[in-house]
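Some notes on the structure that comes next.
For the single chain, residues carry numbers from 1 onward in sequence order. Just follow the structure's listing: the first ligand is 1, and inside any ligand the first atom is 1. Worth knowing before you read on, the calculation uses all heavy atoms, side chains too, and leaves out hydrogens, waters and symmetry mates.
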Amino acid sequence: MVHFVGAGSGAPDLITVRGMRLLQEADVVIYAGSLVNPKLLKYCKEGTEIHDSAQMHLEEVLSVMERAEGEGKTTVRLHTGDPSIYGAIREQMDALRARGIAFDICPGVSSMSAAAAALQVEYTLPDVAQTVIISRAAGRTPVPEKEDLPKLAAIGATLVLFLSAGQTEAVQAALLQGAYTEATPCAIVYKASWPEEKILRGTVGTLPTMAEQNGIKQTALIVVGDVLGNDYALSKLYDKHFTTGYRQGE
Ligand code: SAH
């Protein structure tokens, strides 16, 4: 059995209870060493076989899983944040299905949640934004044309950009082609929930300078939108005049 486990954003106590238990029970662990906090490996029992997938290609990862399966062992494939977001798990799942190896997935705290916590922000505010767009600037992995950043930026929703901190000038240019202005609030969160976490607040106009002055090129999220500003409407949910299925409004 293979368990894909979300490691959380970095702090070792941000893994789920289930994820921790799976790590404790695993015979083999393959972890994404470029981003997963190695402190999580302390949850493993003595003698666990540990592989860092930063130095492995897909076939090598699969062959470790296949061998472990043949030996009746349990494998944890530990991915950063939540595995469903830029986790490259689909290709592994399809290969496991083809080989008849059973697997399941344990979700994790994505860095986008950890970044919101660090910023003390709510991504969805009444009258400001009720939509969060998760995307990335095109890099060595292209982005489908229909999702070009200026097109997404035209919506003016809350935007969370992964894998883009090294391209802040291109990101800024794309944002300004959309609904955002130089004055739209913008933040960079570097290594959210790690001891070296950095929170940089500014505007779309200052985005490249914020990244450059702090030497940030990777392991950071760019958050854009008016939810980072001061204006919003109060929620209906907790409005004393609003009736819900649980409460009669006054
Ligand atoms: N599955 C992960 C994302 C993997 S893609 C998740 O749910 O968070 C890797 C990118 O995620 C990095 O380039 C960076 O943009 C972002 N990232 C991962 N961990 C981060 C952290 N602790 N703080 C800020 N950004 C992070």
Atoms in ligand 1 with a heavy atom of T80 nearer than 4.0 Å:
1 (N), 2 (C), 4 (C), 6 (C)
Residue S110 vicinity, atoms of ligand 1 by number, heavy atom under 4.0 Å:
6 (C), 7 (O), 8 (O)
For V189, take its heavy atoms, then give the atoms of ligand 1 lying under 4.0 Å from any of them.
24 (C)
Salt bridge or not for K151 and E147, using N-O below 4.0 Å?
no
At under 4.0 Å between heavy atoms, which part of P83 makes contact with ligand 1: side chain, backbone, both or neither?
neither
Does a salt bridge link K217 with E212, judged by any charged N lying under 4.0 Å from a carboxylate O?
no
Contacting atoms of ligand 1, where contact means under 4.0 angstrom from a heavy atom of L35:
9 (C)
Just which atoms of ligand 1 are under 4.0 Å from any heavy atom in Y86?
4 (C), 5 (S)
Can you list the steps and then say if E25 with K45 is a side-chain contact (heavy atoms from CB on, under 4.5 Å)?
CA-CA 7 Å; E25 290 166 359; K45 62 189 179 198; 5.5 Å; no
Please could you name the atoms of ligand 1 that W194 approaches to less than 4.0 Å, counting only its heavy atoms?
22 (N)
Contacting atoms of ligand 1, where contact means under 4.0 angstrom from a heavy atom of D82
1 (N), 6 (C), 7 (O)
Parallel, tilted or perpendicular: which fits the ring planes of F162 and Y86, with parallel below 30° and perpendicular above 60°?
tilted
